[in-house]
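The next block holds one structure in the form of structure tokens; read it before the comments.
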Amino acid sequence: MMSLNTQFTQYLEDTIIGIIEGVPILKREYPKFKNEWQYENEFDFLYGCVVGQILGTGLTAFKMIYERDASPEEILQIGEMIESYFPIIREKIKEDKSSPS
């Protein structure tokens, strides 16, 4: 199984951290679309958006860096990297729930 190179894993980690740091902005903006998107649980919606954005960005970056699609094994490795950030993502979404917008 091919392992992801250090350049890509560092890029993905930096990207994940950058997206996580943007969660407070997402939390302010997404309620504006609640009727249009028709979601009921804000936490689940934001969690799915953040994880989806990270995965999409990671796979796009992979294609740009390697000039090919990721193999199933590489997709699994990327997914495992992202999964390791799930607790941090959850905490960031829960942060400042009581503070005024």
Side-chain angles (χ1 to χ4, degrees):
M1 172 163 91
M2 182 181 168
S3 206
L4 302 173
N5 73 28
T6 307
Q7 175 193 6
F8 178 76
T9 56
Q10 185 61 56
Y11 173 83
L12 185 56
E13 286 179 359
D14 292 344
T15 299
I16 292 169
I17 291 166
I19 292 172
I20 291 170
E21 288 173 354
V23 166
I25 295 164
L26 288 176
K27 285 172 65 173
R28 275 197 312 271
E29 297 300 318
Y30 275 94
K32 298 175 186 174
F33 302 105
K34 188 168 186 169
N35 288 334
E36 185 178 333
W37 288 68
Q38 297 183 1
Y39 61 88
E40 293 182 19
N41 185 302
E42 183 180 341
F43 177 88
D44 289 346
F45 181 78
L46 289 171
Y47 187 71
C49 286
V50 171
V51 172
Q53 183 180 4
I54 292 169
L55 185 56
T57 302
L59 292 174
T60 299
F62 183 96
K63 190 168 189 165
M64 291 173 67
I65 290 170
Y66 293 102
E67 298 180 344
R68 64 177 176 81
D69 289 330
S71 70
E73 294 83 13
E74 290 160 337
I75 292 170
L76 184 62
Q77 288 178 329
I78 292 167
E80 287 172 350
M81 274 188 69
I82 295 168
E83 188 176 347
S84 72
Y85 284 87
F86 283 2
I88 298 166
I89 295 168
R90 283 192 288 269
E91 284 307 308
K92 193 67 171 180
I93 293 170
K94 290 177 186 175
E95 260 179 27
D96 300 319
K97 201 67 175 165
S98 60
S99 62
S101 312

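- Between Phe62 and Phe8, the ring-plane angle classifies as perpendicular under the 30° and 60° cut-offs.
- What you find for Lys34 and Glu40 is that their closest heavy atoms are NZ-O, 4.0 Å.
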Margin query: Run Tyr85 and Val51 through side chain to side chain contact (heavy atoms under 4.5 Å, CB included) and show every step you take.
Written below: CA-CA 9 Å; Tyr85 284 87; Val51 172; over 6 Å; no
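- Residues Tyr11 and Ile19 do not share a hydrophobic cluster, clusters being chains of Ile/Leu/Val/Met/Phe/Trp/Tyr side chains in contact below 4.5 Å.
- Every residue two or more places apart in sequence or in another chain that forms a side chain to side chain contact (heavy atoms under 4.5 Å, CB included) with Glu83 is listed here: Phe86.
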Next item on the list: Would you check, one step at a time, whether the test side chain to side chain contact (heavy atoms under 4.5 Å, CB included) holds for Thr15 with Ile54?
Entry: CA-CA 7 Å; Thr15 299; Ile54 292 169; 5.9 Å; no
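- In the hydrophobic clustering of ILVMFWY residues, with side-chain heavy atoms under 4.5 Å counting as a link, Leu55 and Met64 come out apart.
- Atom CG of Asn35 has 12 or fewer neighbouring heavy atoms from other residues, nucleotides or ligands inside a 6.0 Å radius.
- In plain terms, the two heavy atoms of Glu74 and Asp69 that are nearest each other are OE1-O, 4.4 Å.
- The heavy-atom pair separating Thr6 from Thr9 by the smallest distance is O-OG1, 3.0 Å.
- In the hydrophobic clustering of ILVMFWY residues, with side-chain heavy atoms under 4.5 Å counting as a link, Leu46 and Ile20 come out together.
- Rounding to the nearest 0.5 Å places CD1 of Ile82 at 8.0 Å from CD1 of Ile89.
- The CG atom of Leu4 sits 9.5 Å away from atom CD of Glu80, with the distance rounded to the nearest 0.5 Å.
- Across every non-hydrogen atom of Glu13 and Met81, the tightest pair is CG-CE, 3.5 Å.
- Using bins of under 30°, 30° to 60° and over 60° for the plane-to-plane angle, the ring pair Phe33/Tyr30 lands in the perpendicular bin.
- Considering every non-hydrogen atom in both Leu26 and Pro31, the closest pair reads O-CD, 4.3 Å.
- To the nearest 0.5 Å, atom NZ of residue Lys27 and atom SG of residue Cys49 are 13.5 Å apart.
- Between Ile93 atom CD1 and Phe43 atom CZ the span is 5.0 Å, to the nearest 0.5 Å.
- Counting all heavy atoms, side chain and backbone alike, Lys32 lies closest to Glu29 at NZ-OE1, 2.8 Å.
- The hydrophobic clustering, which links ILVMFWY residues whose side-chain heavy atoms are closer than 4.5 Å, places Phe45 and Ile25 apart.
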